[in-house]
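To keep things clear, I will list the structure first and then write my remarks on it.
Just so you know, these numbers come straight off a predicted model, no measurement behind them. Note: hydrogens, waters and symmetry copies are ignored here, and every other heavy atom, side chains too, is used.
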Amino acid sequence: MKISKLYFHIHYCNWKDPHSSGNRVRKVARTLQHHAFLFFDKGKGNFTIGKKRYAIQEGRLFYVAPHVFHSLELDPKTPFCCLTVHFSYASVHFNDLQWEIKQETDILPLPSVQEVKDNYQVGDLFKKLVDSWNAKLPGYEFLAKTLLQQLLIALYQNNKRKDRNDSGALKVEKMIQYMHQNVTRKITLAELSEMTQLSPSYLSRMFKDITGYSVIGFFNKIKMDKAKELMMEGNKKVKEVAQALGFVDEFYFSRLFKRMEGISPSEFYSKNVHGL
């Protein structure tokens with residue numbers, strides 16, 4: 001499952017704080033037909049998801065999948081602050097100028113509970129999401145969906161961060177920076193291996209685990225994004241773009257572009273540069 005392919009529909013968001021007049025419901029037991037995130041900024045109690053029981057505490061985020069029974073019981077003597085977002089999603093693909101929409105039935109690749117107390121990004125995104133939903137300003141639904149996707153990425157990265165050491169994450173960031181700096185030429189796995197002092201096999205596994213892409217796949221993605229930029233802003237033709245990005249074979253570049261973007265570079269050039 002690639003998060004970038006998901007299209008979200010938000011059913012509703014909520015924010016319960018210690019001073020809210022509606023902050024009286026402290027026991028809930030139900031099964032939802034959609035997904036939900038619940039983030040506790042304050043509070044104590046217990047949260048049961050399926051057959052597992054978790055303690056509620058500051059900085060814990062819970063993920064409830066569809067059709068999974070869950071119950072909430074808050075300590076009546078402790079003020080609580082809880083942010084929630086309820087949503088559904090579909091998988092959207094664009095290939096050969098055709099849109100394909102699939103209703104996803106899989107659960108998101110996230111644990112039922114995450115510790116995000118020290119992750120400012122997660123808390124900040126969640127608050128912005130709920131604030132934008134409650135404000136109901138023009139365009140709020142689109143903004144909320146965008147913030148939800150950013151939140152999901154932050155949660156995914158937060159979960160991955162728990163499963164790897166910081167030095168591995170820094171090396172991946174160093175590799176990505178190196179790719180951007182050398183987008184105009186070919187980079188080999190052996191070259192990256194020497195730079196990071198990691199074996200090619202370990203480097204490949206770590207990179208895929210952190211980014212969701214293979215090393216070459218990610219580098220090609222950077223190249224295709226740069227190709228679109230060159231065609232749009234530099235008014236370069238396909239052959240010139242291929243050469244500028246280090247492709248000896250113009251036809252290989254064209255096949256790769258179409259496979260990744262769903263449209264050939266010449267079609268992209270005609271539609272976006274000349275508006276044909």
[X] versus [Y]: any side-chain heavy-atom pair under 4.5 Å?
{"X": "V28", "Y": "S71", "answer": "no"}
{"X": "R60", "Y": "Q114", "answer": "no"}
{"X": "Y156", "Y": "P109", "answer": "yes"}
{"X": "L61", "Y": "L38", "answer": "no"}
{"X": "L198", "Y": "L192", "answer": "no"}
{"X": "V64", "Y": "F47", "answer": "yes"}
{"X": "M231", "Y": "P265", "answer": "yes"}
{"X": "Q57", "Y": "K44", "answer": "no"}

Will you find, in the side chains of [X] and [Y], an N or O donor that is under 3.5 Å from an N or O acceptor?
{"X": "Y63", "Y": "H35", "answer": "yes"}
{"X": "H11", "Y": "S88", "answer": "yes"}
{"X": "S264", "Y": "E267", "answer": "yes"}

Establish whether [X] and [Y] are linked, either directly or via other cluster members, by ILVMFWY side-chain heavy-atom contacts under 4.5 Å.
{"X": "L143", "Y": "F126", "value": "yes"}
{"X": "F69", "Y": "L74", "value": "no"}
{"X": "M195", "Y": "I222", "value": "yes"}
{"X": "I216", "Y": "I176", "value": "no"}
{"X": "Y7", "Y": "W99", "value": "yes"}

Residue pair L148, I10: steps toward the side-chain contact (heavy atoms from CB on, under 4.5 Å) verdict: CA-CA 9 Å; L148 176 58; I10 298 178; 3.9 Å; yes
Quick check for you: to the nearest 0.5 Å, what is the distance between [X] atom [atom1] and [Y] atom [atom2]?
{"X": "M224", "Y": "F219", "atom1": "CE", "atom2": "CZ", "answer": "9.5 Å"}
{"X": "F251", "Y": "K239", "atom1": "CZ", "atom2": "NZ", "answer": "8.5 Å"}
{"X": "R205", "Y": "S199", "atom1": "CZ", "atom2": "OG", "answer": "6.5 Å"}
{"X": "E58", "Y": "E115", "atom1": "CD", "atom2": "CD", "answer": "11.0 Å"}
{"X": "T31", "Y": "H67", "atom1": "OG1", "atom2": "NE2", "answer": "9.5 Å"}
{"X": "K221", "Y": "D225", "atom1": "NZ", "atom2": "CG", "answer": "4.5 Å"}

Contacts of K174 that satisfy salt bridge (Lys or Arg N to Asp or Glu O under 4.0 Å) - sequence neighbours left out: none
In terms of the angle between their ring planes, are [X] and [Y] parallel, tilted or perpendicular, with boundaries placed at 30° and 60°?
{"X": "F87", "Y": "F37", "result": "tilted"}
{"X": "F247", "Y": "F253", "result": "tilted"}
{"X": "F40", "Y": "F80", "result": "tilted"}

Using every non-hydrogen atom in the two residues, find where [X] and [Y] come nearest and quote the distance to one decimal.
{"X": "A154", "Y": "L125", "value": "CB-CD1, 4.0 Å"}
{"X": "V215", "Y": "S204", "value": "CG2-CA, 4.3 Å"}
{"X": "H86", "Y": "A36", "value": "ND1-CB, 3.7 Å"}
{"X": "Y54", "Y": "S112", "value": "OH-CB, 3.7 Å"}
{"X": "N46", "Y": "R53", "value": "ND2-NH2, 2.9 Å"}
{"X": "S132", "Y": "L129", "value": "OG-O, 2.8 Å"}

side-chain contact (heavy atoms from CB on, under 4.5 Å) assessment of K228 paired with F257: CA-CA 10 Å; K228 289 184 287 185; F257 188 98; 3.8 Å; yes
Would you say [X] has more than 12 foreign heavy atoms packed within less than 6.0 Å of its [atom1]?
{"X": "K128", "atom1": "NZ", "result": "no"}
{"X": "E194", "atom1": "CD", "result": "no"}
{"X": "K136", "atom1": "NZ", "result": "yes"}

Side-chain donor/acceptor pairs under 3.5 Å, residues 180-187, sequence neighbours excluded:
| from | atom 1 | to | atom 2 | distance (Å) |
| --- | --- | --- | --- | --- |
| N182 | OD1 | R185 | NE | 3.1 |
| N182 | ND2 | Y178 | O | 2.8 |
| R185 | NH2 | Y178 | OH | 3.0 |
| R185 | NH2 | E191 | OE2 | 2.3 |

Step-by-step side-chain contact (heavy atoms from CB on, under 4.5 Å) determination, K27 to L72: CA-CA 5 Å; K27 289 186 178 181; L72 166 69; over 6 Å; no
Would a distance-only check, ignoring hydrogens and angles, find a side-chain to backbone donor-acceptor pair under 3.5 Å from [X] to [Y]?
{"X": "S193", "Y": "L189", "answer": "no"}
{"X": "K145", "Y": "H9", "answer": "no"}
{"X": "S91", "Y": "L6", "answer": "no"}

Test log, rule side-chain contact (heavy atoms from CB on, under 4.5 Å), inputs F39 and T84: CA-CA 6 Å; F39 174 61; T84 65; over 6 Å; no
W133/Y140 aromatic ring centres below 6.0 Å: yes
Test: K171 cationic atom under 6.0 Å from F207 six-membered ring centre, within 45° of axis: no
From CA spacing to verdict: salt bridge (charged side-chain N to carboxylate O under 4.0 Å, His left out), E240, K237: CA-CA 5 Å; E240 295 173 317; K237 295 184 179 181; over 6 Å; no
